[in-house]
Amino acid sequence: MTLCRTKMRHLLGPNVYAEPPDGGWGWMIAVAFFLVELFTYGTIKSFGIFLQDLMQEFGETNSRVSWIVSICVFVMTFNGPLSSVLTNRFGFQVVVMIGGLLISAGTIATSFCSSLNQIYITYGVVAGLGYCLTFLPTVTILSKYFNHRRSLVTAVASTGESLSMFALAPAFSALRDSIGWRHTMAVIGALQSIIIICGVMLRPIIIKPPPKETEALRTQEKSEGTNPEDSETKDNQQTGESCLQPLKDSSNSAERALLPKGGTSKEEIKESETEKTDVDAEKEASSDEETKSGDQKPPAKNSRLLDFSILRECSFILYSLFGLFATLGFFAPTLYIIELSVSRGVERDKAAYMLSTIAVAEILGRFSIGWVLTRRALVRRKLLVLLACVLAMTADLVGFTLVSEFYGLAVCCGLYGFFMGTLACTHIPMLAEDEVVGIERMSSAAGVYVFIQSFAGLAGPPLGGVLVDATQNYGSAFYSCAVGMGLSAVFLGLVKPAKTGALCGKRRRRRRGFKPPEDECERSRGQKPDSNNDCPEPDGDLDPNQARGRRDTEGCTAYA
């Protein structure tokens with residue numbers, strides 16, 4: 001029993017790396033994310049094949065049946081913080097396994113429901129909560145296993161959503177015609193139990209450089225005389241020699257005063273410090289071995305399960321507003337494209353091909369953005385690439401209202417699917433970039449980000465329906481989506497200036513101890529001598545020699 005438990009810890013325990021491996025077990029995580037996408041977002045988008053059967057079975061209207069998907073998506077996104085809390089508390093594997101169990105149970109229970117209200121609970125609430133507990137932890141841990149290839153791997157693995165819409169939806173439709181919608185729903189629920197196996201594959205990752213190798217490298221550099229710190233301070237030694245001389249004398253006198261009567265020498269102090277360093281290194285090495293064997297220590301009591309301090313960062317707030325308004329532009333083409341095409345004179349059979357066009361173009365968009373973001377010239381310009389995609393998608397949404405023939409609508413659908421693919425697979429992993437949040441805080445940031453998005457996901461379809469009913473024109477829904485996407489581009493463009501401190505820069509610099517230039521100090525002294533600023537106090541009535549001596553003393557102290 002002990003041997004089996006040790007093997008299980010070795011196979012399913014955490015992986016310890018000095019840096020993100022960009023491969024290794026990360027490829028298994030990518031496969032797990034592909035399957036999770038296939039049976040979460042892909043299944044939600046394919047749920048439309050059951051709408052007519054549910055309307056006939058329960059005698060309900062189209063709007064009442066459509067609330068099943070709306071409730072499911074809202075529960076999925078609204079509980080993003082809950083997913084982050086449970087992940088930080090229990091780990092990725094347990095949370096995703098529980099989510100897969102909820103999805104499978106909720107979908108199978110839907111096949112036994114006798115009213116639409118029961119489906120609201122089984123599929124909307126139970127399965128929706130399961131979708132929340134599986135998607136966010138999987139995409140978060142995938143971002144931690146990859147660094148340079150993160151965008152490409154995430155884009156390729158996320159094609160499971162588009163593949164489900166393109167291939168599984170027709171297969172489920174044919175199965176429904178053969179055995180009925182109830183048995184088809186039960187088959188889908190059984191297939192979704194694969195997510196439980198995917199949860200087992202999510203081995204956590206620990207990024208921790210080995211202390212022994214680091215210490216050996218530093219010792220070798222010192223012995224060879226190639227210490228980078230020596231090379232950096234070599235130019236400053238000559239200028240600081242005059243400043244350091246009196247400080248050295250004072251430090252020597254302080255050391256002589258602190259020595260005990262026995263006469264402990266400097267060499268003995270250095271030897272004791274060296275022994276202490278070796279003991280600390282041995283302790284760190286032993287803790288690494290315990291971590292590799294799977295014996296993890298319980299989390300500290302003061303560790304935060306959900307870091308709400310992320311809301312204090314202006315860059316994250318702006319990026320969340322980008323996601324909020326961009327979500328308003330996602331729903332209209334897939335929801336109203338068939339009816340828009342029919343109203344423009346396209347036959348209903350041909351109009352059905354619009355969804356297939358969107359699905360194929362979305363796969364191409366995911367592959368393309370993954371390749372583009374791995375180019376060396378664009379590694380530090382990922383937000384600009386994302387902004388270009390948002391602007392292009394805004395123009396395409398406006399184009400839907402201008403064309404009036406089959407081929408024009410097909411081109412618009414292709415462009416929408418392409419840019420939808422670029423945004424869908426990058427907007428959440430982009431949180432891991434240093435320009436937005438960073439990989440350390442992504443787990444909590446993703447939960448809060450998706451929570452903010454949930455309100456747009458719930459309000460978007462009803463808003464479009466109200467505009468369509470008021471104007472009797474399906475193009476009005478595309479106008480509202482274009483406005484939302486345009487506003488999202490504005491907020492996305494402000495993310496990087498907020499991160500670099502260009503917005504509210506004076507307050508940010510003051511908080512970090514920034515020293516303003518001399519010309520700004522002179523202006524501030526001349527205008528408001530009593531104002532609360534970061535400039536040093538003036539020299540007052542000191543003569544030039546005394547003022548120069550005071551500045552030299554402050555410079556020597558700062559250098560020391």
Side-chain angles (χ1 to χ4, degrees), residues 12-14 29 32-33 36-37 40-41 44 71-106 121 124-145 154 195-196 198-207 291 296-313 315-317 319-321 323-324 327 427-432 436-458:
L12 304 179
I29 304 294
F33 181 65
V36 168
E37 279 270 335
T40 54
Y41 273 106
I44 293 175
I71 294 174
C72 180
V73 174
F74 177 73
V75 172
M76 176 182 179
T77 54
F78 184 81
N79 291 283
L82 175 63
S83 176
S84 298
V85 169
L86 295 178
T87 301
N88 293 335
R89 177 63 181 86
F90 300 104
F92 297 96
Q93 294 171 318
V94 176
V95 174
V96 175
M97 291 171 65
I98 293 176
L101 182 61
L102 290 175
I103 293 173
S104 180
I121 298 175
V125 178
V126 177
L129 183 60
Y131 290 143
C132 174
L133 297 180
T134 54
F135 175 75
L136 278 181
T138 311
V139 69
T140 301
I141 194 172
L142 180 64
S143 301
K144 292 184 177 182
Y145 267 92
T154 305
I195 298 177
I196 301 176
C198 296
V200 180
M201 298 166 58
L202 302 182
R203 298 177 62 180
I205 180 174
I206 299 175
I207 305 298
T291 304
Q296 292 181 338
K297 296 182 179 180
K301 294 182 180 179
N302 296 329
S303 60
R304 297 181 179 181
L305 296 178
L306 186 61
D307 188 9
F308 281 105
S309 64
I310 196 71
L311 294 174
R312 298 177 183 175
E313 294 192 11
S315 59
F316 175 74
I317 294 176
Y319 193 81
S320 299
L321 291 175
L324 178 69
T327 306
H427 70 108
I428 293 181
M430 193 68 69
L431 292 169
V436 184
V437 173
I439 190 63
E440 288 101 6
R441 309 177 70 184
M442 182 187 175
S443 180
S444 298
V448 179
Y449 173 75
V450 175
F451 168 77
I452 295 174
Q453 270 190 308
S454 64
F455 297 99
L458 184 65

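Throughout, numbering of the chain's residues begins at 1 and tracks the sequence. Keep in mind that what you see is a predicted model, and the values were worked out from it rather than measured.
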Exercise. Who passes side-chain hydrogen bond (donor to acceptor under 3.5 Å, both in side chains) against Glu37, sequence neighbours left out?
Worked result: none
Seminar exercise, completed: On a heavy-atom basis, the closest approach of Ala432 and Ser143 is CB-CB, 4.4 Å
Exercise. Where do Phe33 and Ile29 land on the side-chain contact (heavy atoms from CB on, under 4.5 Å) test, with the steps shown first?
Worked result: CA-CA 6 Å; Phe33 181 65; Ile29 304 294; 5.6 Å; no
For this session: For residues Thr40 and Ile195, determine if any side-chain heavy atom of one lies less than 4.5 Å from a side-chain heavy atom of the other.
Result: yes
Problem set entry | From Val73, Ile71, Thr77, residue fulfilling side-chain contact (heavy atoms from CB on, under 4.5 Å) relative to Val75 | Ile71
Seminar exercise, completed: Rounded to the nearest 0.5 Å, the CG atom of Leu324 sits from the CD1 atom of Ile317 at a distance of 13.0 Å
For this session: Report the distance from atom CD1 of Ile196 to atom CD of Gln93, rounding to the nearest 0.5 Å.
Result: 14.0 Å
Seminar exercise, completed: So CD1 of Ile103 and CG of Leu133: to nearest 0.5 Å the spacing works out to 8.0 Å
Exercise. Do Leu86 and Leu82 have side chains that get closer than 4.5 Å, going by heavy atoms?
Worked result: yes
Exercise. Quick one: does Thr140's side chain get under 4.5 Å of Thr87's, heavy atoms only?
Worked result: no
Exercise. Taking atom types as modelled and ignoring hydrogens, do the side chains of Thr327 and Gln453 form a donor-acceptor contact shorter than 3.5 angstrom?
Worked result: yes
For this session: Look at the side chain of Ser83 and the backbone N and O of Asn79, then say whether any donor-acceptor pair between them is shorter than 3.5 Å.
Result: no
For this session: Run the numbers on Val450 and Leu136 for side-chain contact (heavy atoms from CB on, under 4.5 Å), then give the verdict.
Result: CA-CA 9 Å; Val450 175; Leu136 278 181; 3.7 Å; yes
Exercise. Which of parallel (below 30°), tilted (30 to 60°) and perpendicular (above 60°) describes Phe78 and Phe455?
Worked result: perpendicular
Seminar exercise, completed: CG of Leu431 to OG of Ser320, rounded to nearest 0.5 Å, is 7.5 Å
For this session: For side-chain contact (heavy atoms from CB on, under 4.5 Å), just list the numbers for Ile44 and Cys72, CA-CA rounded to whole Å, side-chain angles, deciding distance to a tenth of an Å, and then say yes or no.
Result: CA-CA 8 Å; Ile44 293 175; Cys72 180; 4.1 Å; yes
Problem set entry | Gap between atom CZ of Phe316 and atom OH of Tyr449 - 0.5 Å precision | 9.0 Å
Problem set entry | Reported CZ-to-CD1 distance for the pair Phe135 and Ile428, which is rounded to 0.5 angstrom | 4.0 Å
Exercise. Shortest non-hydrogen contact from Ala32 to Leu202?
Worked result: CB-CD2, 4.1 Å
Exercise. Can you check whether Tyr319 reaches Glu313 side chain to side chain, under 4.5 Å on heavy atoms?
Worked result: no
Exercise. Judged by atom type as modelled, is there a donor-acceptor pair below 3.5 Å linking the side chain of Ser454 to the main-chain atoms of Phe451?
Worked result: yes
Problem set entry | Considering all heavy atoms, the nearest Gly106-Val126 contact | CA-CG1, 4.0 Å
Problem set entry | Test log, rule side-chain contact (heavy atoms from CB on, under 4.5 Å), inputs Arg203 and Tyr145 | CA-CA 10 Å; Arg203 298 177 62 180; Tyr145 267 92; 3.9 Å; yes
